[in-house]
Amino acid sequence: MRFISRAIAPKKAACVSMGAIALTILVISPASAQITIPDIFGNSNSPQPSPSSQPVDAWVRLDGRRLFKITATDRNSLLQRLATVETRLRTISQQYFAGNAADINVEPQLNKNNKNSRDIVVDNQTLLTITPQDAKLQGESDVDKYAQTIATSLEQELKTAKQERQASYLRTQGAIAGGILCGMVLTSWAIRRWQHRIKLPPIPMATMSTSDAVSTQLSQQQQRNIQEIRQRLSQLAQAVVWGGGTLLILRLFPYTRIVPVWLFMVLKDPMMVGLVALGTYVVIRLSYVLIDRSTSVLVNNTLMLTQEDSLRLQLRVATISGVTKSIATLSGFTIGALVALSVLGVNIVPILTGASLIGVGISLASQNLIKDAINGFLIILEDQYAIGDVINVGTFGGLVENLNLRITQLRDSEGRLITIPNSEIKTVANLSSRWSRADLNIPISYNTDIDAALNLIKSIGLGMDGETQWQDYILEPPQVLGVEQFSDRGLMIRVWIKTQPLKQWEVAREYRRRIKIAFDSAGIDIPLPQQSVWLNEPGELSKAPNDGKKLPKER
């Protein structure tokens with residue numbers, strides 16, 4: 001008999017499958033023989049593992065049902081005996097199913113070669129020999145009693161198997177299979193509806209203020225992780241519904257009942273490893289949710305902090321969250337791998353011992369990696385810089401794009417990504433920690449009225465600080481420090497403007513633009529570099545210093 005089992009979600013396809021099942025069952029002859037499926041996966045069951053000094057056993061099956069156990073002294077002998085018994089049972093059952101007789105004669109008889117053993121004879125055909133070892137393994141000391149129990153059970157199972165091949169029984173099982181298939185379709189549809197209804201609405205970014213940007217980002221990450229967990233669990237539920245329903249349908253019919261047994265034997269280890277992998281993935285995602293939730297609470301609980309400290313804390317959150325998630329991912333992957341090996345029957349104690357020894361060797365051989373990790377941990381703990389800061393490290397400088405326990409990655413003004421091992425970072429100049437400063441040197445010519453120029457420069461800064469567009473960027477009124485130095489470009493006026501982090505360049509550009517416009521209106525020159533050169537006549541060089549006359553040649 002051909003039994004088609006396909007996981008078809010649409011209702012029309014499900015109805016077609018039900019019709020095919022019913023049609024196949026109705027045309028089956030009640031006297032059909034049992035299908036002989038090639039033993040491509042080995043024996044129908046595997047011997048139970050036992051110490052070498054003890055016997056091993058295995059089940060003899062009919063249509064996927066367990067009948068009785070047989071034993072042997074070793075695995076090879078057991079496999080040979082199991083193959084012989086199942087071949088005889090297949091031949092006997094096919095003859096019985098093809099005949100018209102409803103009864104079958106199964107009885108134990110004395111073995112001619114060994115008086116302590118009993119033969120199980122089915123319609124004058126010897127199926128197997130029951131040994132005292134078989135009876136002892138099942139906790140039965142009397143071989144006759146145990147042989148009679150097997151004979152009675154075998155006779156009942158053969159009658160049941162023939163009854164299950166009748167057309168009326170198959171029609172009933174076909175109706176049950178159709179009901180199961182409809183239930184699978186409805187359950188799958190309900191799961192899809194549930195998955196669609198539990199989708200979390202996106203957080204409206206337009207209603208969020210700038211100070212809540214980090215909290216909003218963490219909330220979005222938390223929602224994505226929760227949605228990912230629900231999606232994977234929904235996929236697992238769909239697989240359980242269709243896989244489990246298909247196996248239930250296969251077990252309804254005697255011709256396909258052995259298929260789930262073989263599938264379980266072949267796919268047992270991959271299924272267990274897959275479940276461990278899925279569980280590990282879900283646990284890692286849950287750890288992401290907990291990390292995001294904890295950091296969100298930390299960010300939101302900043303009422304007692306100043307605005308600068310609060311903004312700085314929000315900037316650090318991305319760094320702390322990323323590093324913590326990396327550690328959680330590595331830990332989850334390691335634990336999941338060990339659990340998978342344990343499920344497969346591998347003794348993980350030697351692995352753990354060897355891993356510890358290997359870890360010691362690696363730690364001695366890779367001291368730079370350990371230095372990187374320690375220095376990276378101290379950088380994060382001491383808040384030397386975080387993702388989003390602009391720093392200078394030696395001859396390199398740029399925006400911190402990535403920071404973990406091993407490396408720091410910067411993006412410079414030319415767009416180059418610079419990777420620096422944390423152990424190489426000795427001195428760091430953070431240009432955006434809590435607040436920044438625009439440090440300006442404004443040149444004016446020597447013949448300019450210095451007091452008027454200072455007042456003009458100060459008024460430009462105060463005017464800029466009073467505008468709505470710039471007052472959020474400028475934290476304090478600009479400070480005009482005065483004349484900083486006399487240079488070849490003229491008088492250098494130094495100005496400090498305290499700004500929000502990373503806003504100093506934008507403020508400085510606008511301030512310089514306004515200085516140029518104001519100087520042009522006031523007639524104040526911004527001088528170019530200049531110098532004076534004095535030349536002597538050739539004859540004058542031999543004269544005494546007091547007699548020489550220096551003539552100005554060019555200025």
Side-chain angles (χ1 to χ4, degrees), residues 210 306-308 311-312 389-392 395 397-399 412-414 429-537 540-541 543 545-555:
T210 306
T306 63
Q307 182 179 5
E308 295 178 0
L311 293 175
R312 184 61 189 171
D389 281 335
V390 175
I391 63 173
N392 287 329
T395 58
L399 177 70
D412 66 4
S413 58
E414 298 181 6
N430 194 333
L431 306 182
S432 58
S433 178
R434 293 178 176 82
W435 56 270
S436 299
R437 174 180 288 161
D439 190 359
L440 304 171
N441 286 312
I442 302 172
I444 60 175
S445 61
Y446 284 101
N447 57 3
T448 302
D449 185 350
I450 186 61
D451 293 331
L454 292 175
N455 291 331
L456 180 60
I457 293 173
K458 185 177 181 180
S459 64
I460 294 172
L462 294 176
M464 188 174 176
D465 184 35
E467 296 181 5
T468 305
Q469 179 182 358
W470 299 101
Q471 63 183 1
D472 292 335
Y473 293 169
I474 301 175
L475 300 179
E476 296 179 358
Q479 301 180 16
V480 180
L481 303 182
V483 179
E484 181 69 17
Q485 62 176 338
F486 299 98
S487 69
D488 56 353
R489 295 191 59 187
L491 299 174
M492 304 301 296
I493 309 300
R494 192 166 189 177
V495 179
W496 281 356
I497 306 177
K498 187 176 182 180
T499 67
Q500 294 282 3
L502 302 179
K503 299 299 181 182
Q504 65 270 34
W505 298 290
E506 188 174 352
V507 171
R509 295 188 192 101
E510 177 63 18
Y511 192 79
R512 293 191 186 97
R513 186 185 71 85
R514 299 190 180 199
I515 284 289
K516 177 64 170 64
I517 296 174
F519 277 12
D520 290 343
S521 299
I524 300 177
D525 295 332
I526 298 178
L528 299 174
Q530 54 183 312
Q531 62 181 4
S532 297
V533 179
W534 296 82
L535 297 178
N536 292 325
E537 295 293 337
E540 299 290 335
L541 295 177
K543 297 181 180 180
N546 293 334
D547 297 334
K549 178 183 281 187
K550 297 179 181 180
L551 301 176
K553 184 66 175 178
E554 180 183 354
R555 182 179 180 181

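Scope of the values below: all heavy atoms of this structure, side chains included, with no hydrogens, waters or symmetry mates.
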Could you list the residues that satisfy side-chain hydrogen bond (donor to acceptor under 3.5 Å, both in side chains) with [X], not counting sequence neighbours?
X      : answer
Asn392 : none
Arg494 : Asp439, Glu484
Ser445 : Asn447, Thr448
Arg509 : none

(message) Tell me the closest heavy-atom pair linking Pro501 and Ser436, and the distance in Å.
(response) CA-OG, 3.3 Å
(message) Looking at every heavy atom in both Ile457 and Tyr511, which two are closest together, and how far apart are they?
(response) O-OH, 2.8 Å
Let me confirm one number: the [atom1]-[atom2] distance from [X] to [Y], rounded to the nearest 0.5 Å.
X      : Y      : atom1 : atom2 : answer
Lys498 : Leu475 : NZ    : CG    : 6.0 Å
Leu491 : Ile444 : CG    : CD1   : 5.0 Å
Asp520 : Ile515 : CG    : CD1   : 11.0 Å
Gln485 : Ile493 : CD    : CD1   : 10.5 Å

Would you please name every residue forming a side-chain contact (heavy atoms from CB on, under 4.5 Å) with [X], sequence neighbours left out?
X      : result
Ala518 : Leu456, Ile460
Ile526 : Pro443, Arg489, Lys516, Phe519
Asn455 : none

(message) Quick check: do Glu506 and Thr499 have side-chain heavy atoms less than 4.5 Å from each other?
(response) no
(message) Within the structure provided, determine whether Gln504 and Leu431 are in side-chain contact (heavy-atom separation under 4.5 Å).
(response) yes
Donor-acceptor contacts under 3.5 Å from residues 465-473 side chains, at least two apart:
unit_1: Glu467; atom_1: OE1; unit_2: Arg514; atom_2: NH2; d: 2.8
unit_1: Glu467; atom_1: OE2; unit_2: Arg514; atom_2: NH1; d: 2.8
unit_1: Glu467; atom_1: OE2; unit_2: Arg514; atom_2: NH2; d: 3.3

(message) Test of understanding: with salt bridge (charged side-chain N to carboxylate O under 4.0 Å, His left out), list the residues that count as partners of Asp449, not counting sequence neighbours.
(response) none
(request) Using atom types as modelled and distance alone, determine if a side-chain donor or acceptor of Asp412 lies under 3.5 Å from a backbone N or O of Glu414. (result) yes
